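Numbers restart at 1 for each chain; the letters A, B, ... are given by sequence-line order, proteins then strands. Here the structure is a predicted model, which is why all the values come from computation and not from measurement. Atom set for the values below is all heavy atoms of this structure, side chains included, hydrogens, waters and symmetry mates excluded.
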There are 2 protein chains.
Amino acid sequence: MKPGHSHVPATQAFANGIPNGGTPANHVTAECARVAPVLSRIGDKWTVLVVTFLGRGPMRFNALRREIGGISQRMLTLTLRSLERDGLVTRTVYATVPPQVEYALTELGRSLLIPVLAIRDWARQNALQIEAAQQHFDALAAAARPACGGVAHTGGRPSAVGVDEIAHLQSER
Amino acid sequence: MKPGHSHVPATQAFANGIPNGGTPANHVTAECARVAPVLSRIGDKWTVLVVTFLGRGPMRFNALRREIGGISQRMLTLTLRSLERDGLVTRTVYATVPPQVEYALTELGRSLLIPVLAIRDWARQNALQIEAAQQHFDALAAAARPACGGVAHTGGRPSAVGVDEIAHLQSER
DNA sequence: CAGCATCCATTACGATACTG
DNA sequence: CAGTATCGTAATGGATGCTG
């Protein structure tokens with residue numbers, strides 16, 4: 001996600017914070033208020049991809065674009081800007097004709113690479129197991145829903161986060 | 001969230017001397033297609049929080065809600081459902097009055113906890129450095145942008161991402 | 001207590017067109 | 001080549017009200 005969100009989960013907690021109610025969560029929420037935006041960055045659609053690609057070495061804009069494959073120019077620009085802003089990548093402009101811009105991880109960026117690769121590897125290793133779990137879950141959900149029989153209420157599933165998830169990609173036109 | 005590259009020609013060879021060697025490049029894109037949804041899940045607004053809290057032990061719905069602090073019921077439900085669907089948490093209903101539902105990490109969920117905590121710790125350790133980088137970046141951006149009357153010199157950079165978020169940079173005070 | 005359903009605002013993202 | 005500007009759409013997520 002973009003770093004734009006003004007609302008971090010902690011605001012409400014503190015607004016409601018009863019001094020006597022004694023929620024043990026105070027330090028936790030304060031902490032995650034700082035951590036949350038970083039996690040949002042990690043989890044947005046392209047950051048991890050970009051960082052891992054840059055982890056192989058410096059790259060120019062369109063090279064990155066081509067390598068990554070599905071990213072729009074806009075999103076690559078935005079992602080790189082955010083990363084630059086966070087001090088995770090450097091942007092070096094060579095005043096040539098045509099212009100060349102090279103992106104590279106900073107030291108901080110390389111340190112991020114380590115846990116990021118760990119997550120990626122976890123995802124890689126457990127992707128099949130997760131898919132299996134999903135299918136199992138969906139099968140049970142379908143069985144538990146006596147939808148058939150004529151009355152089809154609107155839609156069936158909200159599909160907000162859960163069931164859907166596999167769709168929506170424009171390949172090309 | 002999911003870059004379902006249905007195509008992505010495997011035309012590219014890495015132009016930067018990547019330690020890729022003989023591995024076909026399309027392997028990478030196919031792989032990240034599987035990895036991407038997992039990363040999206042990780043990066044959504046609440047998953048990491050929920051997983052880390054559950055990492056401490058099983059918890060009931062409203063306990064979780066209270067602990068986390070800023071989460072709406074809807075999002076907690078949705079997040080837990082997704083996690084359950086992915087086989088990362090179990091949901092146990094006790095047929096008491098009033099009903100009790102307990103959530104706990106599965107084995108898979110606990111294995112996820114490891115890299116997730118690594119990321120969280122990274123975020124924690126580098127939050128200040130990132131904030132500093134952001135302020136530095138924003139300062140430069142502001143300096144490059146003449147707010148009034150001045151010279152509109154080329155080189156005045158980003159207005160795309162920057163402006164909108166400096167205002168909201170502070171999460172809580 | 002746990003949880004769905006509905007409405008609604010904000011945001012993310014892709015496509016497209018234009019610039020230095 | 002490497003962007004920027006603008007638009008439309010889809011997804012995200014909060015608030016509220018209803019259920020067993």
Side-chain angles (χ1 to χ4, degrees), chain A residues 1-9 11-12 36 40-41 43-47 59-66 69-82 84 91-103 141 145 153-162 164-165 167-173, chain B residues 1-4 36-37 40-41 43-47 59-66 70-82 84 91-103 145 152-165 168:
Chain A
M1 293 176 193
K2 285 295 104 197
H5 38 338
S6 49
H7 53 294
V8 180
T11 21
Q12 198 172 355
S40 293
R41 172 66 31 79
D44 80 353
K45 200 174 179 182
W46 300 111
T47 298
M59 261 197 196
R60 287 174 52 190
F61 188 88
N62 276 339
L64 214 37
R65 187 151 143 64
R66 261 187 303 276
I71 191 171
S72 65
Q73 191 192 40
R74 175 192 147 89
M75 287 321 293
L76 183 53
T77 303
L78 249 32
T79 303
L80 286 170
R81 277 281 175 283
S82 294
E84 188 193 357
R91 176 175 177 274
T92 313
V93 183
Y94 298 100
T96 60
V97 178
Q100 253 176 258
V101 180
E102 201 170 70
Y103 292 91
R145 182 181 15 263
H153 48 69
T154 58
R157 277 285 307 227
S159 77
V161 177
D164 192 347
E165 175 67 337
H168 176 257
L169 183 277
Q170 315 292 355
S171 37
E172 89 273 66
R173 322 183 23 168
Chain B
M1 60 175 73
K2 175 175 194 165
S40 293
R41 175 65 28 80
D44 78 356
K45 201 174 177 182
W46 300 110
T47 298
M59 262 197 197
R60 287 174 53 191
F61 188 88
N62 276 339
L64 214 38
R65 187 150 144 63
R66 261 188 304 275
I71 191 169
S72 66
Q73 189 195 43
R74 174 193 148 89
M75 287 321 293
L76 182 53
T77 303
L78 249 31
T79 303
L80 286 169
R81 277 284 172 284
S82 295
E84 188 193 356
R91 176 178 177 273
T92 313
V93 182
Y94 298 100
T96 60
V97 178
Q100 254 177 258
V101 180
E102 202 171 70
Y103 292 90
R145 182 183 12 266
H153 187 246
T154 51
R157 270 220 281 99
S159 47
V161 179
V163 178
D164 153 75
E165 47 202 37
H168 303 292

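Under the rule for a side-chain contact (heavy atoms from CB on, under 4.5 Å), the partners of Val93(A) that lie at least two apart in sequence or sit in another chain are Arg91(A), Val101(A).
Only Pro98(A), Pro99(A), Gln100(A), listed by number, bring a heavy atom of residues 92-100 of chain A to less than 4.0 angstrom from any atom of DNA chain D.
At dA2(C), one or more side-chain N or O atoms of Arg60(B) fall inside 4.0 Å of OP1 or OP2 (strictly under the cut-off). Within the 4.0 Å cut-off from OP1 or OP2 of dA11(D), not a single side-chain nitrogen or oxygen of Lys45(A) is found. Under 4.0 angstrom from either OP1 or OP2 of dT4(D) there lies at least one side-chain N or O belonging to Arg81(A). Neither OP1 nor OP2 of dA2(D) sits under 4.0 Å from any side-chain N or O of Arg91(A).
Residues Ser72(A) and Arg65(A) share a closest heavy-atom pair of C-NH1, 3.7 Å. Here the closest heavy-atom approach between residue Met59(B) and residue Leu64(B) is recorded as SD-CD1, 3.3 Å. Taking both residues in full, the closest heavy atoms of Arg60(A) and Pro99(A) are given as NH2-O, 4.4 Å, listed atom of the first, atom of the second, then distance.
Here dT11(C) presents its P atom at 22 Å from CH2 of Trp46(A), a figure rounded to the nearest Å. Between the P atom of dG3(D) and the CD1 atom of Ile71(A) lies a distance of 12 Å, rounded to the nearest Å. Between Leu64(A) atom CG and dG3(D) atom C1' there is a gap of 14 Å when expressed in whole angstrom units. Distance, Asp44(A) CG to dA11(D) C1': 14 Å, rounded to whole Å. Remark: P of dA2(D) and OH of Tyr103(A) are 8 Å apart, rounded to the nearest angstrom. The interatomic distance linking Leu76(A) (CG) with dT4(D) (C1') rounds to 14 Å, in whole Å. Counting to the nearest Å, the C1' atom of dG13(D) and the CG atom of Leu78(B) are 9 Å from each other. If you measure from atom CD of Gln73(A) to atom P of dA15(C), you get 12 Å, rounded to the nearest angstrom.
Within the 4.0 angstrom heavy-atom criterion, no nucleotide atom of any strand lies near Arg65(A).
For Arg74(A) and Leu80(A), each mapped to the nucleotide of DNA chain D holding its nearest heavy atom, the one lying further toward the 5' end belongs to Leu80(A). Position along DNA chain C of the nearest nucleotide to Thr77(B) versus Ser72(A) favours Thr77(B) as the more 5'-ward residue.
Note: Thr79(B) OG1 to Trp46(B) CH2 = 8.5 Å, rounded to the nearest 0.5 Å. With rounding to the nearest 0.5 angstrom, the CE atom of Met75(B) is 10.5 Å from the CG atom of Leu80(B). Here Asp44(A) contributes atom CG and Leu78(A) contributes atom CG; the two are 9.5 Å apart, rounded to the nearest 0.5 Å.
By the 4.5 Å heavy-atom criterion applied to side chains, Leu76(B) and Gln73(B) are not counted as neighbours.
Bending across the helix from dC1(C)-dG20(D) to dG20(C)-dC1(D), expressed as the angle between its end axes from five pairs apiece, amounts to 40° (10° rounding).
Comparing atom distances between the Met75(B) side chain and each of dG13(D), dG14(C), dG3(D) picks out dG13(D) as nearest. Closest contact between the side chain of Val101(B) and the listed nucleotides dG14(D), dT4(D), dA2(C) involves dA2(C).
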